[in-house]
Amino acid sequence: MATDNVILELRNVDAGYGEIEVLRNVSLRVEHGQIVTVIGANGAGKTTLLRTIFGLVKPSRGQILYEGADITGLPTLELLKRGIAFIPGGRSNFPQMTVQENLEMGAYIRKDKRQVMKDIDRLCERFEILRMKRHTPVGNLSGGQQQMVEFAIALMLKPKVLLIDEPTIGLAPLLVDEVFRVIEEINASGTTIVLVEQNARRALEASDYGFVLELGSIRYQGNAEQLKQSEEVYRAYLGER
Amino acid sequence: MKRGVQIVLWLLVAGFLVILPQLATTNYLVNVMITTVMWIIFALSFDLSAGHVGAVSLGHPVFYGVGAYVTALVAPSLGLDFIGSLLLSAFAMGLLALVSGIAFFRISEVSFAIGTLGALIIAQLLANNAYDITGGPMCTQNVPRPVLHIPGSGPVTVVEPVHYYYLLLPLLGLAILIYWRLTQSRIGRAFAAVRQDEVRASAMGIYPKRYKLLAFIAGAAIIGALGSFQAQYITVVCPSELTISYTLNLLIIVFVGGAGSMRGVILGAVLFSLLPRLLEIVTDVPPAWQQLIYGLILLIVIRFLPEGLDSLIERALQRLRGTRTEAKPDAA
């Protein structure tokens, strides 16, 4: 991997909650414009990895670099301003607020109110569901529709790197395809994506590169194609051939 | 609602509250009014954190009782007047909320409720047993009454309930203003975000702890000032100001009225204060039965109107306007 094209890098990162260490000596590089997937069993530390990059969990050792600068230990607000956004797993929206209000919340830290409204209009053009349900409380939408809103909330800050935690959990198979279509579209418009997914097969199909996390350490990594070919990865995470 | 209409409505309410005591024929009725206004302030300050950031502090009366003790024990030695005492208690309780909040907000919702309840019980034990300082069950007595300096005449000591009522009204106005400013603004949006999804809120640069602390501190300062008023009104501060029954009453008021809604909370407080008086007049219900009736009302409201009486008003208003009915939940 060429260093100059790396947008996000972890160097020997240890992180966890109090006494419990979850990540051990994790090093990884994400290139500009890629979709990168992190797969692994439950409890391997996938979510913790995203939370650590986003500053919600402070590393006890190691370094996190973004656009060549050390961002280890920076508060989430600062990371948001620099262009890193995070979509938490599960339903993560404000159910009693309308779609419009959820999008406004996405731009909470922005000061340019008029431009925010324009951006909301633009997102509503881009995603039909937002346009149709713009003034409906998000809690009244279906799971798939809510997931679209959750993407859109994160896009309000025009992130350069988008961290997505388990976007398809609990969704019907048809909707899973729709979610991946949107992820690819977001990526095509220039946003680098780090994805944590339990649907490893589908995620690798959409990705350029993949990491396999096992017990808090990176066990394998490689091009998505390579990982899919790998016997071991296949048996452990993708099911029987 | 249009802004002009809103302002006129508020002015009408304010005018009504100012004229009200003139209609009262006895001090008893004025006392009922004072109690009602006090419950409104109490409930609004409680709802700031319970209804808006979802942090139900069962120990909320701590700030009321300790605020009263601060005015009774500290303010006289500093030579503070009525307003000075109010400010001292408000400031002290805001500070106490900041310090205790940093600790309490480390624990999650349910533990937070129980933790703050523990603080209330400890505070009452302290008040009861720190005999040398608080007078224990004998109470702290002879709290100075407010002295007003009216130009043209000498200092006047406030004794009449109706005068206390007029001293209390500005505090109500201030409580409403703070509540309104905090909840109907950018900050209010952040409150709602924190309540509805803490993780997502923090993913958007809204630090949940900060906003929880803000609501907690503001509520504590308001209720600290009310405790100070109470001390100067009754002139006695007892450990019973730290009773858990205040907590129960707050829960009834806020959840029957409608948590997170100023209209609902005020409605709840007014009903709660006036209902027992009505029961007295109509049927002579013994006080012990009143608690039972409250309990029943609370059960019924939670079962059939989980969002409180305010949701009834909201629905009625929407029907009146006709046009803006909420979209039906999507079947897809």
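In the text below, chain A, chain B and the rest are named by the order of the sequence lines, each starting its count at 1.
A cation-pi arrangement is present between B:Arg186 and A:Tyr108, with the terminal nitrogen or guanidinium carbon under 6.0 Å from the aromatic centre and inside a 45° cone about the axis.
The number of heavy-atom neighbours closer than 6.0 Å to CG of A:Asp112, taken from other residues, nucleotides and ligands shown, is above 12. For CD of A:Glu78, the number of neighbouring non-hydrogen atoms (other residues, nucleotides, ligands) closer than 6.0 Å is greater than 12. For CZ of A:Arg131, the number of neighbouring non-hydrogen atoms (other residues, nucleotides, ligands) closer than 6.0 Å is greater than 12. Other residues, nucleotides and ligands contribute only 12 or fewer heavy atoms inside 6.0 Å of the CD atom of B:Glu307. No more than 12 heavy-atom neighbours from other residues, nucleotides or ligands sit within 6.0 angstrom of CZ on B:Phe91. Heavy atoms from other residues, nucleotides or ligands lying under 6.0 Å from CZ of B:Arg210 number 12 at most. Around CG of B:Leu12, the count of heavy atoms belonging to other residues, nucleotides or ligands within 6.0 Å exceeds 12.
In this structure the side chain of A:Leu56 reaches within 4.5 angstrom of the side chain of B:Ser202, judged on heavy atoms.
Without hydrogens or angle criteria, B:Tyr207 side chain to A:Leu77 main chain gives a donor-acceptor distance under 3.5 Å. For B:Asp197 (side chain) and A:Phe94 (main-chain N/O), no donor-acceptor pair under 3.5 Å exists by modelled atom type.
With a threshold of 4.5 angstrom between heavy atoms, A:Phe54 approaches chain B through side-chain atoms but not through N, CA, C or O. Of the two parts of B:Arg195, only the side chain, counted from C-beta on, holds a non-hydrogen atom closer than 4.5 Å to a non-hydrogen atom of chain A. Proximity to chain B (any heavy atom under 4.5 Å) is restricted, for A:Asn93, to the backbone atoms N, CA, C and O. Proximity to chain B (any heavy atom under 4.5 Å) is shown, for A:Glu150, by both the backbone and the side chain. For A:Met97, the parts lying under 4.5 angstrom from a heavy atom of chain B are both the backbone and the side chain.
Shown here for B:Arg200 and A:Ala154, the closest heavy-atom pair between the two residues is NH2-N, 3.4 Å. Counting all heavy atoms, side chain and backbone alike, A:Ile109 lies closest to B:Met204 at CG2-O, 3.5 Å. The shortest non-hydrogen separation linking B:Ala193 to A:Met105 is CB-CE, 3.5 Å.
Your options are A:Leu79, A:Leu157, A:Ile153, and the one with the most heavy-atom pairs under 4.5 Å with chain B is A:Ile153.
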